[in-house]
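Reminder, nothing fancy here: chain letters follow the sequence lines and each chain counts from 1. The analysis underlying the following values was restricted to heavy atoms, covering all of them including side chains, and did not include hydrogens, waters or symmetry mates.
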2 protein chains.
Amino acid sequence: MFEARLVASATLKKVLEAIKDLLTDASFDCSDVGIQLQAMDNSHVSLVSLILRSDGFDKYRCDRNLTMGMNLASLTKIIKCANNDDTVTIKAQDDADTVTFMFESKKHDKISDYEMKLMNLDQEHLGIPETAFSCKIKMPSVEFARICRDLSQFGDSVMISCTKEGVKFSAAGDIGSANIKLTQTTNFDKEEESVIIDMQEPVTLTFACQYLNSFTKATPLSVQVQLSMSANVPLVVEYQIPDLGHIRYYLAPKIEDDEN
Amino acid sequence: MFEARLVASATLKKVLEAIKDLLTDASFDCSDVGIQLQAMDNSHVSLVSLILRSDGFDKYRCDRNLTMGMNLASLTKIIKCANNDDTVTIKAQDDADTVTFMFESKKHDKISDYEMKLMNLDQEHLGIPETAFSCKIKMPSVEFARICRDLSQFGDSVMISCTKEGVKFSAAGDIGSANIKLTQTTNFDKEEESVIIDMQEPVTLTFACQYLNSFTKATPLSVQVQLSMSANVPLVVEYQIPDLGHIRYYLAPKIEDDEN
DNA sequence: TTACGCTGCA
DNA sequence: TGCAGCGTAA
């Protein structure tokens with residue numbers, strides 16, 4: 001059987017918020033490693049990669065690898081029935097076609113369980129190569145979300161340019177053009193507010209705002225976000241989930257000649 | 001003449017919120033006892049019973065019994081013109097076809113009055129027998145509201161099952177099934193948070209979510225709600241209105257054979 | 001037009 | 001953390 005317990009359902013709620021805009025359905029792969037999800041978004045443009053490590057759970061048991069296909073709208077309805085401080089336990093029998101979510105209030109006077117049918121989803125196994133990147137930018141996740149939101153007012157695309165001077169986000173359109181420049185901060189007191197730029201080689205790439213804005217739905221999961229870029233390979237937007245894992249989004253750059 | 005005064009109109013606003021989803025028009029019976037209302041809801045499925053006792057008013061005078069038929073949409077518009085801490089006075093002449101609402105600010109620097117036409121409504125006098133119930137459940141009213149809201153995600157009906165183990169609320173539908181179990185709490189410190197179950201005989205009954213959700217509009221009136229159930233008789237959902245009276249909702253159970 | 005859910009504020 | 005007001009969706 002499979003059983004995984006988290007003492008606070010809040011994290012699970014945030015994880016769901018972070019993927020449900022991009023995915024209608026999702027296959028969660030459960031194994032000794034933890035719970036993993038890799039999937040192209042609905043429009044097959046971006047890619048979501050999620051890992052919740054087994055050691056991050058308060059209890060974790062997985063006798064046999066299993067894949068749980070879930071409709072995320074249904075899952076969202078169920079998770080919303082939990083209070084943020086409820087303990088949540090996910091259970092499934094081996095080869096079962098249902099999964100059970102159990103929520104327990106801190107005082108143990110309210111116990112609810114929700115059973116959901118699993119789906120058989122086409123498994124698209126995606127090889128994601130681990131590569132070295134020309135530029136890595138760490139910054140406050142709310143800052144990144146704000147930049148994406150602000151720039152999407154100006155056009156459909158954001159150009160991200162990373163040089164030794166810092167990182168510049170740009171957009172242009174009918175109403176005008178916008179540039180937002182960030183420089184590395186030397187604020188070591190508040191690590192969560194710092195901007196850290198690791199540039200091996202300057203890179204300038206352009207991305208569709210729409211997807212970046214979907215990625216920023218993960219903002220509540222982590223105070224910092226890391227952007228990794230190299231020429232001609234997908235951008236990686238990574239949010240660490242404290243003590244539990246991470247969620248990564250991959251988005252291929254727009255081809256520059258297409259930019260009209 | 002008839003005259004009734006409350007030092008805070010907030011209660012009156014909440015009472016109105018608690019009935020206007022169910023009733024388009026309402027006949028308020030005024031007598032020495034106080035202001036009473038008994039009516040089937042618009043769809044003639046559930047029943048609302050309201051009493052605002054005369055001794056709960058800050059001033060109450062009723063020379064002659066009278067019935068005031070009001071359109072609740074109009075009444076709502078008028079009551080919304082009062083600030084929550086305004087003193088409200090309801091006045092009607094004997095045999096008058098209008099009622100007057102007077103709102104006074106605490107500092108007496110603003111006095112408004114609103115006159116509304118009364119309606120002649122068909123009086124359906126409903127005998128509600130006082131019966132003993134197999135199970136009475138007292139619980140926080142917000143908890144009950146939350147349970148009704150959560151379970152209505154899963155289906156049109158909620159099954160309430162009261163046994164010596166506690167009370168269980170269940171629903172099932174396309175996306176899955178849900179069970180919420182509450183056990184009696186022994187938390188005597190915070191009476192308003194406690195769950196108290198008085199079970200003479202176990203009962204399991206099924207009700208339409210839609211009406212339960214309408215009943216929970218009374219939640220702001222009281223921190224606790226009481227559910228009373230016996231086999232084959234209507235559920236009673238009761239909210240005490242502190243120092244003033246109560247509102248009770250009656251809803252017949254669904255016939256079990258109908259459950260497909 | 002009404003009811004519900006959400007976000008922002010206290 | 002809880003409420004109230006706003007915006008949306010039926």
Chemist: Between D:dC3 atom C1' and B:Glu17 atom CD, what is the distance in whole Å?
Modeler: 14 Å
Chemist: Please name the pair of heavy atoms, one in A:Phe154 and one in A:Asp150, separated by the smallest distance, quoted to 0.1 Å.
Modeler: CD1-O, 3.5 Å
Chemist: Excluding sequence neighbours, so at least two apart, what forms ring-ring contact (aromatic ring centres under 6.0 Å, His included) with B:Tyr249?
Modeler: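 Applying ring-ring contact (aromatic ring centres under 6.0 Å, His included) to B:Tyr249 gives B:Phe215.
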Chemist: When B:Leu235 is tested against each of B:Leu227, B:Leu205, B:Thr206 for side chain to side chain contact (heavy atoms under 4.5 Å, CB included), which residue passes?
Modeler: B:Leu227
Chemist: Which whole-number value in Å describes the distance from B:Asp85 CG to D:dA4 C1'?
Modeler: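 Atom CG in B:Asp85 sits about 16 Å away from atom C1' in D:dA4.
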Chemist: Does a side chain donor of either A:Gln224 or A:Gln226 reach within less than 3.5 Å of an acceptor in the other side chain?
Modeler: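 Checked: A:Gln224/A:Gln226 side chains show no N/O donor-acceptor pair below 3.5 Å.
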Chemist: Distances under 3.5 Å between protein N/O atoms and the N/O atoms of nucleotides 5-10 of chain D, please, pair by pair.
Modeler:
none

Chemist: Return the value, rounded to whole Å, for the distance between atom CZ of B:Arg146 and atom C1' of C:dC6.
Modeler: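 Roughly 14 Å, once rounded to whole Å.
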Chemist: Show the distances under 3.5 angstrom between N or O atoms of the protein and N or O atoms of nucleotides 2-5 of chain C.
Modeler:
from	atom 1	to	atom 2	distance (Å)
C:dA3	OP1	B:Asp21	OD1	3.1
C:dC4	OP1	B:Lys217	NZ	3.1
C:dC4	OP2	B:Lys217	NZ	3.1

Chemist: Please report the shortest heavy-atom distance between B:Ala208 and B:Leu251, naming the atom on each side.
Modeler: O-CD2, 4.0 Å
Chemist: Between the side chains of A:Thr100 and A:Asp113, is a donor N or O closer than 3.5 angstrom to an acceptor N or O?
Modeler: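 Looking only at side-chain atoms, A:Asp113 and A:Thr100 do not form any donor-acceptor pair under 3.5 Å.
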Chemist: Give a yes or no on this: more than 12 heavy atoms of other residues, nucleotides or ligands lie within 6.0 Å of atom NZ of B:Lys136.
Modeler: no
Chemist: Is B:Asp85 paired with B:Lys106 through a side-chain N to carboxylate O contact shorter than 4.0 Å?
Modeler: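 No, no charged N to carboxylate O under 4.0 Å.
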